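To start, the structure under review is shown below, and the notes come after it.
Counting starts at 1 for both ligands and their atoms, following the listed order. Every value quoted in this text rests on a predicted model; they were computed, and no experiment measured them.
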Amino acid sequence: MTEANGANSEVICATAPEGVLAELTHRCPLQCPYCSNPLDMDRAANELNTEEWIDVFRQAAELGVLQVHLSGGEPTVRRDLEEIVGKCAEFGLYSNLITAGVTLTRERLEGLAAVGLDHVQLSIQDVDAANADRISSYKRGLEKKIQLAKWVRELDMPLTINAPIHRQNIDNLEKIIDFSVALGASRLEVAHVQYYGWAFVNRAALIPTHQQALWSVDVVERAKERLKGIMTFDLVVPDYYAKTPKPCMGGWGRRFLNVTPTGKVLPCHAAETIPGLQFDNVRERPLLDIWLNSSAFEAFRGTDWMAEPCRSCELREVDWGGCRCQAFAFTGDARNTDPACGKSSLHKELVALANEEAGKPAPPFVYRRIRSDVAERKSAQESPAET
Ligand code: SF4
Ligand code: FES
């Protein structure tokens, strides 16, 4: 039996993913030092072609996926974006374009709206134009983003602003909120940077003080009240300072999957930072089979993999043990309890390190560059913090 969106009802079950993050490309004109892309980025020549991406989305719809997040890098550098978006609409998938907003023309945005694009998520670096240029290593980006936001609203499309927050823009948080309201955003993601990948390399340059983090939570809570009915908020807290970790990805292999530019299917965007996991590719294995049976998805799905203190913790099916990538980045073993958890033996060390780094002058950024010295950055990332 086939549902309205083409999904096979035998496949739709409690285990179907809700959303797919499709990294259409790693190419991007910006070089943000907290980018969620891997340090070793995929080259354009190896990217899935149009037909391959369309097949991924067809399979996703059959699997029961509801939403696709078209991301990158910068997804608009793909010349076939209109074709991909059109097919997503045809398959009944809700499409969200995650863009840095510096490459789109009005004509192209109109074309995307015409083929069925549902939503635009625009990232900003800061509301201070010079600081935004410095963080992204891209000149005059802010004015382009403002222009794009206006076009999005003129075309009556819903707009989310995504604001990664860190020590070098956190003091402008109230202005970022006002800016988002003025642009007509219906949602603002105040996303404290999470420390793996590029952000782990740049942690000392990005991590705010505990006091700044608490202040930002308070600012958002007050703004939520003030802006009820105008703009909603998603707050991703800096869990280095939390007592319990975030339920990263809603639990490993439970709600989301991520497809890389070359077709690897990951349980989260940073999963490649964990050594030893084998990732299947949509070029070689059906998406349903990967979702249900891939060893990478099975590695940390559910609670069987957990050791103490998670194994006997009453929150194990609430936060699902936190973030595997953070556990690896800080402890060197992805099976360890996320050190953001107060029950982790390394939690105090994590908090002390955060306080120490946040209390010192920020070092220069290591910018995301496709031709970077990957080996050097990998070695920085793979060194457990306590060594
Ligand atoms: Fe979550 Fe594990 Fe900490 Fe319990 S011990 S709160 S399950 S991370
Ligand atoms: Fe990979 Fe949290 S980012 S599990």
Side-chain angles (χ1 to χ4, degrees), residues 17-21 23 34-40 69 71 98 162 164 166 189 191-203 206-207 234 236-260 264-279 291 294-351 378 381-382 385:
E18 293 166 23
V20 168
L21 180 73
E23 293 175 352
Y34 45 72
C35 181
S36 64
N37 289 161
L39 304 184
D40 191 2
H69 304 278
S71 176
I98 301 178
N162 168 261
H166 46 84
E189 288 183 0
H192 274 270
V193 166
Q194 305 292 307
Y195 297 99
Y196 25 71
W198 290 94
F200 191 76
V201 172
N202 282 294
R203 185 179 58 201
L206 295 168
I207 197 158
D234 275 348
V236 180
V237 294
D239 64 2
Y240 272 36
Y241 298 123
K243 291 196 177 68
T244 54
K246 61 187 179 293
C248 197
M249 307 303 293
W252 183 275
R254 285 189 74 245
R255 294 173 56 192
F256 299 100
L257 58 83
N258 185 90
V259 184
T260 72
K264 274 183 278 181
V265 186
L266 317 178
C268 79
H269 55 277
E272 287 178 283
T273 61
I274 301 175
L277 295 178
Q278 297 294 320
F279 301 107
W291 171 253
S294 162
S295 62
F297 280 80
E298 289 295 287
F300 303 113
R301 189 176 251 152
T303 55
D304 286 352
W305 60 273
M306 290 177 177
E308 294 296 347
C310 294
R311 178 170 278 276
S312 58
C313 178
E314 67 279 10
L315 295 179
R316 65 186 179 278
E317 292 190 3
V318 175
D319 63 33
W320 302 98
C323 176
R324 294 308 87 222
C325 301
Q326 183 155 270
F328 173 75
F330 193 78
T331 75
D333 185 346
R335 293 192 170 269
N336 285 340
T337 297
D338 184 339
C341 177
K343 293 184 184 177
S344 160
S345 58
L346 291 168
H347 182 68
K348 281 193 181 132
E349 204 176 314
L350 181 85
V351 176
K378 266 191 170 161
Q381 185 198 35
E382 286 170 7

Below 4.0 angstrom from a heavy atom of [X], which ligand 2 atoms are there? Numbered from 1 as shown, please.
X: Cys248; answer: 2 (Fe), 3 (S), 4 (S)
X: Cys268; answer: 1 (Fe), 3 (S), 4 (S)
X: Cys323; answer: 2 (Fe), 3 (S), 4 (S)
X: Arg324; answer: 4 (S)
X: Tyr196; answer: 3 (S)

What atoms of ligand 1 come within less than 4.0 Å of a heavy atom belonging to [X]?
X: Cys341; value: 3 (Fe), 5 (S), 6 (S), 8 (S)
X: Lys343; value: 5 (S)
X: Cys313; value: 4 (Fe), 5 (S), 6 (S), 7 (S)

Q: May I ask you to check whether Cys310 brings an N, O or S atom to under 2.8 Å from atom 4 (Fe) of ligand 1?
A: no

Q. In terms of side-chain heavy atoms, does Ser312 have a donor or acceptor partner in Glu308 at a distance below 3.5 Å?
A. yes

**Q.** Residue-ligand contact Met249/ligand 2, heavy atom below 4.0 Å
**A.** no

Q | Metal site atom 1 (Fe) of ligand 1: N/O/S of Asp319 inside 2.8 Å | A | yes

Just how far is it from atom [atom1] of [X] to atom [atom2] of [Y], taken to the nearest 0.5 Å?
X: Glu18; Y: Arg254; atom1: CD; atom2: CZ; value: 9.0 Å
X: Asp239; Y: Lys246; atom1: CG; atom2: NZ; value: 4.0 Å
X: Ile207; Y: Asn202; atom1: CD1; atom2: CG; value: 12.0 Å

**Q.** Check against side chain to side chain contact (heavy atoms under 4.5 Å, CB included), Leu346 and Phe330
**A.** CA-CA 9 Å; Leu346 291 168; Phe330 193 78; 4.1 Å; yes

Q) So, is Cys325 placed with an N/O/S atom under 2.8 Å from atom 2 (Fe) of ligand 2, counting both backbone and side chain? A) no

Q. Would Arg203 and Tyr34 count as a side chain to side chain donor-acceptor pair (under 3.5 Å) if you check the C-alpha gap in whole Å, the side-chain angles of each, and the deciding distance to 0.1 Å?
A. CA-CA 9 Å; Arg203 185 179 58 201; Tyr34 45 72; over 6 Å; no

(Q) Please identify which of these residues, Arg324, Lys343, Gln326, meets the side chain to side chain donor-acceptor pair (under 3.5 Å) condition with Asp338. (A) Gln326

Q) What class does the angle between the rings of Phe297 and Trp291 fall in, given that below 30° is parallel, 30 to 60° is tilted and above 60° is perpendicular? A) perpendicular

Q.
Donor-acceptor check, side chain of Arg255 to backbone of Pro17, threshold 3.5 angstrom: yes or no?
A. no

Q) Is ligand 1 under 4.0 Å from a heavy atom in the side chain of Pro245, in the backbone, in both, or in neither? A) side chain

